[in-house]
Amino acid sequence: MPNYLNGKAKSRVIVVGAGIGGLTAAALLARLGYSVLILDQALVPGGCASTFKRKGFTFDVGATQVAGLEPGGIHHRIFTELGIDIPEATTCDPACAVFLPGESEPINVWQNRQKWQEERQRQFPGSEPFWGLLAALFKASWDFQGRDPVLPPRNLWDLWQLASSVRPGTLITVPYTLFTVGDALRAYGLGSDRRLRTFLDLQLKLYSQVSAEETALLYAATALSVSQAPQGLYHLQGSMQVLSDRLVEALERDGGKLLMRHTVEHIKVENGKATAVVIKNQKTGEVWTESADHVVTNVTVQNLVKLLGDKAPGGYKKRVNKLPQASGAFVVYLGVDESAIPPGCPPHLQFLSDINGPIGENNSLFVSVSHTGDGRAPSGQATIIASSFVDPEQWWQTEDYQGLKQKFTEEAVSKLSQYFYLKPETIIYTEAATPRTFAHYTARDRGIVGGIGQRIPTFGPFGFANRTPIKGLWLVGDSTHPGEGTAGVSYSALTVVRQIEAQGLK
Ligand SMILES: Cc1cc2nc3c(=O)[nH]c(=O)nc-3n(C[C@H](O)[C@H](O)[C@H](O)COP(=O)(O)OP(=O)(O)OC[C@H]3O[C@@H](n4cnc5c(N)ncnc54)[C@H](O)[C@@H]3O)c2cc1C
């Protein structure tokens, strides 16, 4: 039985999963002197933010744009803390070009605040009071989040961290805690503005998994504002893999150990405390038990319940089982000749998708396009990645999986052809991923992606905590506050690290 954890260090921590959440937690803990072992069932680290290579193209698997790279942003803070270089990146401006149905001119979500304000005033006359409210809520929420609150709190220390993050300015958010975007639109007399609602649906579903009608207003205020300066969305030079590579570099420098192709099959719990994990080496088939003082799980909350088996607390399991259906993703990866890309094409575009998502109308087709010299395609070529939300169950129940995949691929390419010049002579490579692909490569339950929908009963204060009901067992990743995205899961990792540190100080 291999012994990977060094007994002499501060405390022994096993991290299950090397997604951005798990890697960030592991690297920070190793930096603080913990003995860290991180295990991932996949071939490469990064989970939904990893990459794969085909025929000279490098494709980002899921995440293609990054928030939090600016000074003070969460990735910037963590990379600085770890003493590693901030990855090279370009700002996405516009952050997104959103094409509403039947319109050939996009709504450009500019990074410059003033320019974005002018754009939306032109696009959605009479809506400025609504945007004004969002701006005020964003300012208060952003400052609050920057003070590292613990949400939702589960003990006195958590509560103290939460309370210490509150300032008089935060109080403006309190009356809106139970508001959805739909409520706010109606309050401003914009409830029946179809254009605005379609735009908000398209943009919000990318982050919140649900429509504007259901998205918690406080969550939306941040999701709709992080693309403006001094924040912004960034396109990494090279590929998304650079984030994971840098975190692994820091982890290993500080004595942490990463084992790929190692699956954690079970978490052992004794007397209400997580004590060990059962690991399977996929190459050799060897199975062994590794004990630890803390187990940090970088999995979906649905996977966590499965890993606990009959040790999953009843109430917790019940809550997880009652969660509304989560989304899966269908993604098309195209390697193309550069002539397929119209001149001046922005890095990210959004169209209304014809694919019926699990979340009602206004499903989006979100498109990311590489640019010359960004390291994703050979000279004279480019990558186009288009993703849509889908109902995962459809992909598990179908009797003709390949046929369904083919149908979705054709529909996506046909939709993309309305903007790109996609012909047999310009398409060099095509591949698609479905919920079954995501389940295989990221081990996420039924291939669900993007975390828990940011509805009122599951966002922020009402969501799943990083501190689980089992002592020494922690949850990081997009099932927890503040939700999906590499920036979001980095916050959740930071919270867990602070919670573990605080326990050690007791
Ligand atoms: C199509 C798509 C587009 C997206 N676009 C963006 C975007 O542009 N920007 C953005 O910021 N975010 C985006 N996201 C969301 C973002 O990718 C995720 O929220 C984030 O990467 C999730 O990170 P995580 O750490 O929670 O977990 P994951 O990425 O799910 O990683 C979990 C890791 O754990 C491993 N694992 C799981 N179970 C086990 C086990 N039992 N044993 C061992 N290993 C295990 C998996 O192999 C995986 O590597 C997108 C997601 C998708 C699917």
Side-chain angles (χ1 to χ4, degrees), residues 64-76 86 89-100 103-146 167 169-170 172-173 176 179 181 184-185 187-190 193-204 206-208 212 215 217-236 342-351 364 366-369 371 482 485 487:
T64 51
Q65 58 183 9
V66 176
L69 274 184
E70 69 285 350
I74 188 68
H75 285 304
H76 195 287
I86 314 294
T90 49
T91 310
C92 303
D93 193 20
C96 197
V98 183
F99 288 83
L100 294 185
E103 299 185 12
S104 55
E105 287 300 313
I107 297 164
N108 286 305
V109 182
W110 301 107
Q111 198 212 8
N112 179 294
R113 271 179 201 277
Q114 179 70 28
K115 217 169 149 191
W116 169 227
Q117 187 177 28
E118 284 162 17
E119 174 88 15
R120 70 193 186 222
Q121 282 178 352
R122 190 168 60 83
Q123 296 285 354
F124 310 114
S127 67
E128 207 43 34
F130 165 77
W131 294 103
L133 173 66
L134 287 186
L137 295 177
F138 170 64
K139 164 104 187 52
S141 306
W142 191 256
D143 292 347
F144 172 67
Q145 186 60 44
R167 298 284 183 281
T170 321
I172 177 197
T173 62
Y176 297 100
F179 261 57
V181 174
L185 287 172
Y188 285 105
L190 299 164
D193 184 334
R194 293 309 309 169
R195 250 185 116 249
L196 176 57
R197 197 172 272 265
T198 307
F199 170 80
L200 291 172
D201 274 352
L202 289 177
Q203 283 280 284
L204 283 172
L206 278 182
Y207 308 105
S208 73
T215 303
L217 183 65
L218 293 182
Y219 178 83
T222 299
L224 293 170
S225 308
V226 283
S227 47
Q228 272 78 53
Q231 289 78 34
L233 295 179
Y234 300 88
H235 179 73
L236 289 176
C345 175
H348 301 286
L349 307 95
Q350 218 183 0
F351 302 93
S364 112
F366 180 73
V367 186
S368 304
V369 187
H371 61 75

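Every heavy atom of this structure was used, including side-chain atoms; hydrogens, water molecules and symmetry mates were not.
When all heavy atoms of Cys96 and Gln203 are compared, the closest pair comes out as SG-NE2, 3.8 Å. For the pair Phe99 and Phe351, the tightest heavy-atom approach, listed with the atom from each and the gap, is CD1-CE2, 3.5 Å. Taking each heavy atom of Tyr219 and Thr215 in turn, the nearest pair found is CD2-CG2, 4.0 Å. Contact detail for Ala221 and Leu134: the closest heavy-atom pair is CB-O, 3.7 Å. When all heavy atoms are compared, the tightest approach of Leu200 to Leu224 is CD2-CD1, 3.8 Å. Gly126 approaches Leu190 most closely through the heavy-atom pair O-CD2, 3.9 Å.
Using a 4.0 Å cut-off between charged side-chain N and carboxylate O, Asp143 and Lys139 make a salt bridge. Remark: Lys115 does not engage Glu118 in a salt bridge, criterion side-chain N to carboxylate O under 4.0 Å.
From Thr170, atom OG1 reaches atom CG of Leu137 across 11.5 Å, with rounding to the nearest 0.5 Å. Between Leu236 atom CG and Thr64 atom OG1 the span is 10.0 Å, to the nearest 0.5 Å. Atom-to-atom distance recorded for Glu103:CD and Thr198:OG1 is 9.0 Å, nearest 0.5 angstrom. For the atom pair CZ (Phe138) and CD (Gln145), the distance works out to 11.0 Å, reported to the nearest 0.5 Å. For the atom pair NE2 (His348) and NE2 (His235), the distance works out to 7.0 Å, reported to the nearest 0.5 Å. Taken to the nearest 0.5 Å, the OH atom of Tyr176 stands 12.0 Å off from the OG atom of Ser141.
Between Val369 and Leu349 there is a side-chain heavy-atom pair separated by less than 4.5 Å. When side chains are defined from C-beta on, Tyr234 counts as touching Thr91, because their heavy atoms get closer than 4.5 Å. Side chains of Gln350 and Val109 form no contact here, defined as non-hydrogen atoms less than 4.5 Å apart. Counting heavy atoms from C-beta on, the side chains of Trp142 and Gln231 come closer than 4.5 Å. Contact check for Thr90 versus His371: side-chain heavy atoms found under the 4.5 Å cut-off. Residues Glu128 and Gln121 have side chains in contact (heavy-atom distance under 4.5 Å, counting atoms from C-beta outward).
At least one donor-acceptor pair closer than 3.5 Å links the side chain of Glu119 to the backbone N or O of Asn108. Between the Arg167 side chain and the Phe144 main chain, no donor and acceptor come within less than 3.5 Å of each other. Arg195 contributes a side-chain N or O that, together with a main-chain N or O of Gln123, makes up a donor-acceptor pair within less than 3.5 Å. At distances below 3.5 Å, not a single donor-acceptor pair connects side-chain atoms of Gln111 with backbone N or O atoms of Cys92.
Under the 30°/60° scheme for interplanar angles, the aromatic rings of Trp131 and Trp116 are found to stand perpendicular.
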